[in-house]
Amino acid sequence: MNYTTNPAKMLVSFVDRNRGDMLVSVAKAAGARGGTIAMGVTEADNRILQALSLADVQQDVVFIIMRDETRAVLDAVKGAAAAAPKKLRGRALLLDVPQVLIRAAGQTRDESSQEQDIRSSHMESGYKLLNVIVNSGFANDVMAAARKAGATGGTILNAQGTGTEEDVKFFGISLVPEKEMLMIVAENSRVKAITDAISQVPMLCKPGGGIIFNMNVEEFLILGK
Amino acid sequence: MKSHFTEKIKESAVSVVPVMLIVVLLHFTLTPLPGNQIFQFLVGGALLILGLSIFLIGADIGMVPFGQKVGSALTHKRSLPLILAASFVIGFAITVAEPDVQVLAAQVNGVMPSINKQTLLMMIATGVGLFLVLGMLRVVLQISLRLLLIIFYILVFIACAFVDPAFVGVAFDSGGATTGPITVPFIMAMGIGVASAVKRKKDDDNSFGFVGLASIGPIAAVAFMGMVSKSDITAAPADDVAEASKSVISIFTDLIPHTSQEIAMALLPLVLIFLVFQFTMLKLPSAQVKRMLLGFLYAFIGLIIFMIGVNGGFTPIGKSLGMSLGDIADGMALIPVGLVLGAVVVCAEPAVWVLTAQVEEVSGGYIRRPIMLAALSLSIAVAVALGMVRVITGMSIWYMLVPGYALALGLTRVCPPLFTAIAFDSGGVASGPMSTTFVLALTLGAATALGGNPVTDAFGMVAMIAMAPLITIQLLGLIFKFMEKRQAVKNAQGGYSS
């Protein structure tokens, strides 16, 4: 099958629960074609609440893939957050996506026209996005270790693994391992210390315990207040 | 950032304040309450809000994650005998200790003295255990929930045909009453845990349906007991009316020892199950254990405050309110008041918040909480109003239950399976402590004022509340199905979908 892939950017935003829709509609108005919202949990930055296990905060994590509309979407999101700082608040990251394949019905625009423009804009915000995937129930431990090493916060998403799906059957139903994905944004200078600390968590010392991967953050936005 | 606690206080206030406003409004218009009862009611309301918030946090970090872990750990063990034995023991243990079930058993004993209280308690707990086993089997063997619901409800109705009509209401009440605020979040989470261990398929209905199945257990048990026992219905002894001589503060403080003991009893099996699972299967890191135990503690404290608020503030006022309303225009005022109260009271049910949160979570935000709450609100409004019609006219409960369940079971044919599962869970969830105390007290008061038989007239109210969501949530499912089709057509015509 013939297809072409194009370079693109991905905007990952962490906003209050049920505000993801608002962010997507702002992005759409600025030219984005859609977005995907996942439900995450983070912890408020308060030692006392954390000790009492009262610090959980529900979040929406929004993924938006953009091409030539990237600048316009970023400006629109910033503008919307400034206009409604209490509604649209959180963090947003811009990540580079070397290749994207989008099949959209009724596509009319010329796919290659803006390619140069996007490819040339490699940026450096001074932050990295650390992603940790572990067996379900252990993300809190990983977060605690990361916090000791200087991380300020992180968001946990529930997920299912697919790695060993073929092997594990039970009365004809396939069993899948439950996973948690933890996303932490950290300054470049702290990334090494945090990664070291996470890799020492007992769960991640075992083979198959989990994986850590870092991504470069091109732009880091603080939304609202 | 909004922290968990402020968020929950806000949610709880939003759900309890409307009930308070309506009662205050009634106090100043139709039915002035005697003495300082209105003050007592407001104190109760404040306790409700505080208790509900603390309980919900506890459910969030204690019962729910624990239930999920148990469900998924059991499934991953891949041993059918272990799964079945464990779910039976869990279902039995959490039901036998549930205070609601004890109260119910005492009530049934009051109506039919030939039924032994202990025997009935064992039967109900066995019923819940067996149906929890069925819930597990359903997922593992991929049996459709629809089929099970149809088979077992038909069996229950056949059994009920041989039982004294007065007893039918009690039987159906028991289904709603036994699934209390501690068992529901746990059983629901266990089902979600099982489903999360299983590879997802299209039209996934594995996550819900456990509570719905577990609610059949007690109905079947009570109906069966009614069938084998001699029919010797007597009027239940009237409950003692709240003493007006007590000061408002002592009304509440006097409830503390008894309430704490009841809730400790209900929570104890869960803590024991936790310890057994932690040392045999789960082996969670200590941070997680601490978090869950804190969760149990919050749920315990929250529920005590909540129940003291309900029993001290809401139940006595419900009864006075019902009696005064029953005196107005041959009880006709009961219908509109029931409609309005029903609409708001369901939002103050603790388990409703747990269910709607889980539905939002499992559906990835597809089925939003406000939509679920609106559908539940509508159904309970109609249920309470119809229940009041029954109190006024004294018509047989059969005329409500048979068409209602026929419609609910018929809808399973066309409704998306996920919504069917959520609907039958909602039935057990909506009939929580608010309906079994406040609404029931209101109904009993009304039945007394109208001079009917409180037992046959008022019982069955909980059954109505448990039945109505089966219909509305499935109708909601049909609306979703319709909207989805329209959306699909739109997408095919052009535009982007991920």
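In what follows, chains carry the letters A, B, and so on, assigned in the order in which the sequence lines appear, proteins first and then strands, with residues in each chain numbered from 1.
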Chemist: So what's closer than 4.5 Å to chain A heavy atoms on L282(B): side chain, backbone, both or neither?
Modeler: neither

Chemist: CD of E361(B) to CG of N158(A): how many Å apart, nearest 0.5 Å?
Modeler: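 It comes to 6.0 Å.
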
Chemist: As an exercise, state the distance from OG of S196(B) to NZ of K179(A), rounded to the nearest 0.5 Å.
Modeler: 13.0 Å

Chemist: So how far is it from Q68(B) CD to S136(A) OG, rounded to the nearest 0.5 Å?
Modeler: 8.0 Å

Chemist: For L54(A) and Y298(B), which heavy atoms make the closest approach, and how far apart are they?
Modeler: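 Closest heavy-atom pair between L54(A) and Y298(B): CD2-CE1, 3.6 Å.
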
Chemist: What part of D21(A) is in contact with chain B, defined as an atom under 4.5 angstrom from a non-hydrogen atom: side chain, backbone, both or neither?
Modeler: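 It is the side chain, since no backbone atom gets that close.
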
Chemist: Would you compute the distance between atom CG of N140(A) and atom CG of L284(B) and round it to the nearest 0.5 angstrom?
Modeler: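 CG of L284(B) is found 11.0 Å from CG of N140(A).
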
Chemist: Are there over 12 heavy-atom neighbours, none belonging to K78(A), within less than 6.0 Å of that residue's NZ?
Modeler: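 Check passes, neighbour count above 12.
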
Chemist: Please round to the nearest 0.5 Å and tell me the distance separating atom CG of D56(A) and atom CD1 of I57(B).
Modeler: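 If we round to the nearest 0.5 Å, D56(A):CG and I57(B):CD1 are 9.5 Å apart.
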
Chemist: Hey, mind stepping through R369(B) and N18(A) against side-chain contact (heavy atoms from CB on, under 4.5 Å) and telling me if it holds?
Modeler: CA-CA 10 Å; R369(B) 168 178 275 171; N18(A) 292 335; over 6 Å; no

Chemist: For K290(B), does the NZ atom sit with more than 12 other heavy atoms under 6.0 Å from it, leaving out its own atoms?
Modeler: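 Yes, NZ of K290(B) has more than 12 neighbouring heavy atoms, counting only those of other groups under 6.0 Å.
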
Chemist: To the nearest 0.5 Å, how far apart are CD in E178(A) and NE2 in H76(B)?
Modeler: 4.0 Å

Chemist: Can you say whether I54(B) sits under 4.5 Å from chain A via the side chain, the backbone, both, or neither, judging by heavy atoms?
Modeler: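 Looking at I54(B), nothing touches chain A.
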
